[in-house]
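Quick note on labels: first sequence line is chain A, next is B, and so on, each numbered from 1.
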2 protein chains.
Amino acid sequence: MPYDPSAFPPFAVTVDLVVLTVRGHALCALVVRRGESPYRGRWALPGGFVRIDEDLEAAAARELAEETGLHAQGSDEPHGGVHLEQLATYGDPRRDPRMRVVSVAYLVLAPDLPTPTAGGDAHSVRWAPVDTLVAAGDEHGGEGKRPDPLAFDHGRILADGVERARSKIEYSSLATAFCPPEFTVGELRRVYEVVWGVALDPRNFHRKVTGTPGFLVPTGGTTTRQGGRPAQLFRAGGATLLNPPMLRPEI
Amino acid sequence: MPYDPSAFPPFAVTVDLVVLTVRGHALCALVVRRGESPYRGRWALPGGFVRIDEDLEAAAARELAEETGLHAQGSDEPHGGVHLEQLATYGDPRRDPRMRVVSVAYLVLAPDLPTPTAGGDAHSVRWAPVDTLVAAGDEHGGEGKRPDPLAFDHGRILADGVERARSKIEYSSLATAFCPPEFTVGELRRVYEVVWGVALDPRNFHRKVTGTPGFLVPTGGTTTRQGGRPAQLFRAGGATLLNPPMLRPEI
DNA sequence: CCAATAGTGTCTTTGAGACAATATACA
DNA sequence: TGTATATTGTCTCAAAGACACTATTGG
């Protein structure tokens with residue numbers, strides 16, 4: 001394969017973002033309303049073109065900042081920002097009717113933040129519960145009904161991101177990425193309950209997470225923001241892999 | 001973003017293949033010797049350009065067939081071929097000195113086959129033990145020494161593929177992808193031992209895999225190809241996720 | 001007082017890990 | 001016979017799940 005610019009077909013490369021957070025009792029995704037054709041007026045995942053001299057992850061972090069004001073934790077910002085990881089790449093030749101576009105999707109996990117939108121080129125931004133965007137049991141285009149399907153193949157991308165988040169909080173400490181810097185065991189438990197859509201025993205959960213080495217570090221403070229008896233505050237510990245893992249209840 | 005072909009920067013998109021198999025007592029990867037500059041004469045992962053009307057996975061399956069003669073199991077071939085799944089996408093602006101190339105890597109798991117090379121445009125193809133290509137503990141550019149570094153960032157891609165295989169056989173039935181259609185419990189155990197680089201207790205392993213529902217289906221036949229008492233032959237069961245998972249010994 | 005949440009303790013069951021013992025081939 | 005591998009069984013310990021009970025706030 002000698003170097004000949006005309007020898008390779010030209011592709012456009014974009015990044016799309018699956019930005020998830022836990023709001024109230026729902027797992028929510030960030031969606032933007034499209035102002036242009038195709039899919040004008042439909043909701044879509046935030047994203048945009050990768051620049052010619054830009055790394056893929058840098059493009060994802062830039063789009064995230066432009067459309068939400070969130071800053072990803074990267075090499076320059078090891079702990080301050082939200083979690084960002086590559087999800088998968090989507091390149092069906094007909095996924096964009098205009099041209100051949102390969103999109104590298106990234107998954108972002110963020111704590112519940114006061115205002116989702118932070119300006120940019122998106123006319124409208126909102127947090128939408130994921131089960132209003134992808135019907136349950138419809139992960140890969142099944143039988144469920146989608147009330148308001150996302151543009152392009154973004155429904156599929158979102159479903160893949162949600163599935164990644166659901167499985168990854170099992171064996172990693174990633175659930176803390178949905179929490180503020182200091183949080184209680186009850187708040188962490190609510191993250192698991194909302195993401196998995198199950199109820200967990202508060203007593204067993206407490207024993208489990210406080211007994212897993214490196215998962216939680218007590219800060220010494222307490223809070224009563226959940227009501228009831230004051231709860232200890234924790235920060236995320238250094239551990240990234242949980243051993244033993246959290247077990248998702250079956251069926 | 002209106003449609004304007006000059007508005008987006010042109011990228012080349014390729015697929016690279018991490019093809020793994022278990023040969024003897026080593027986990028091996030398929031590598032091809034480069035006949036062209038850059039990295040002429042160096043070993044590299046098989047791969048090539050994605051065609052303008054070709055799906056990414058189709059491009060990966062095509063390159064796999066062209067360079068190895070292996071057929072992936074896809075929509076048209078649900079059970080006959082080898083396992084193929086998307087691994088990750090690599091798009092550092094300087095990963096190819098000639099031009100901006102985004103490469104979508106795919107992971108292929110194959111049983112030990114008689115002849116690795118099946119013709120094509122690769123001058124030289126071989127199975128190489130992965131620990132001769134990526135030094136242990138050197139998964140992401142650490143302190144180990146690489147005897148013969150792969151071209152481009154293929155060492156990194158291979159390390160990511162090996163790590164994916166190592167973690168995925170824990171909680172899925174994917175280890176059977178390294179086995180022939182009919183295999184014994186001892187052969188399956190050797191897959192785990194080679195991929196993880198550990199020794200497993202044959203008795204506990206036998207009890208575990210035969211007790212996991214849907215993992216193994218006895219065919220009724222037996223074989224003595226491993227020596228010793230004849231062993232039952234099994235096929236892979238329908239289960240894809242193992243519950244409970246296989247546990248990788250720690251430390 | 002009651003309601004709500006936090007946190008501890010206790011019991012049962014499941015399963016992993018260690019390892020003895022038996023089964024059945026080949027040399 | 002000995003050696004190699006397969007397969008079953010048994011014991012112990014760790015951890016998950018169910019759930020009683022206590023602790024500490026606010027109304």
Closer than 4.0 Å, any side-chain N/O of [X] to the OP1 or OP2 of [N]?
X: His206(A); N: dA6(C); answer: no
X: Gln232(A); N: dA6(C); answer: no
X: Gln226(B); N: dA4(D); answer: no
X: Lys208(B); N: dA16(C); answer: yes

Checklist line | Side-chain-base donor-acceptor pair under 3.5 Å for Arg229(B) and dA25(C) | finding: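 A donor-acceptor contact between them is absent.
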
Margin query: Any donor-acceptor pair, under 3.5 Å, between the side chain of Arg189(A) and the base of dA6(C), if you only look at N and O atoms?
Written below: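 Counting by modelled atom types and ignoring angles, no donor-acceptor contact under 3.5 Å is found here.
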
Margin query: Using a 4.0 Å heavy-atom cut-off, does Arg225(B) contact any base of the nucleic acid, only the sugar-phosphate backbone, or nothing at all?
Written below: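 It contacts nothing in the nucleic acid.
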
Next item on the list: Looking at every strand, decide which applies to Pro202(A) at a 4.0 Å heavy-atom threshold: base, sugar-phosphate, or nothing.
Entry: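 Nothing, no nucleic acid heavy atom in range.
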
For the pair made of [atom1] in [X] and [atom2] in [N], what is the distance, rounded to whole Å?
X: Leu247(A); N: dA18(D); atom1: CG; atom2: P; value: 12 Å
X: Met246(A); N: dA15(D); atom1: CE; atom2: C1'; value: 13 Å
X: Asn204(A); N: dG9(C); atom1: CG; atom2: P; value: 14 Å
X: Leu242(A); N: dA16(D); atom1: CG; atom2: C1'; value: 16 Å
X: Phe215(A); N: dA15(D); atom1: CZ; atom2: C1'; value: 17 Å
X: Arg190(A); N: dA6(C); atom1: CZ; atom2: C1'; value: 11 Å
X: Asp201(B); N: dT10(D); atom1: CG; atom2: P; value: 17 Å
X: Leu233(A); N: dA6(C); atom1: CG; atom2: P; value: 11 Å

Note to self: Under 4.0 Å between a side-chain nitrogen and a carboxylate oxygen: does that hold for Asp160(A) and Arg164(A)?
What the structure shows: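 Not counted as a salt bridge, because no side-chain N and carboxylate O are separated by less than 4.0 Å.
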
For [Y], is there any backbone N or O sitting under 3.5 Å from a side-chain donor or acceptor partner on [X]?
X: Tyr192(B); Y: Ile169(B); result: yes
X: Trp196(A); Y: Arg166(A); result: yes
X: His83(B); Y: Leu109(B); result: no

Check: Quick one: which of dC19(D), dA20(C), dA16(D) gets closest to the side chain of Arg203(B)?
Finding: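 Taking heavy atoms from C-beta onward, the closest nucleotide is dA20(C).
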
Note to self: If you only use heavy atoms from C-beta on, which nucleotide in dG7(C), dA16(C), dA16(D) is closest to the side chain of Pro244(B)?
What the structure shows: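 Nearest listed nucleotide: dA16(C).
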
Next item on the list: Name the residue closer to the 5' end of DNA chain D, choosing between Arg207(A) and Thr224(A) according to the nucleotide with the nearest heavy atom.
Entry: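 Its nearest nucleotide being more 5', the pick is Arg207(A).
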
Check: Where each residue is assigned the nucleotide of DNA chain C containing its nearest heavy atom, which of Pro230(B) and Arg248(B) is assigned the position nearer the 5′ end?
Finding: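 The residue whose closest nucleotide sits nearer the 5' end is Arg248(B).
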
Check: Between CG of Leu45(A) and NE2 of His154(A), what distance do you get to the nearest 0.5 Å?
Finding: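 Output value for this atom pair is 5.0 Å.
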
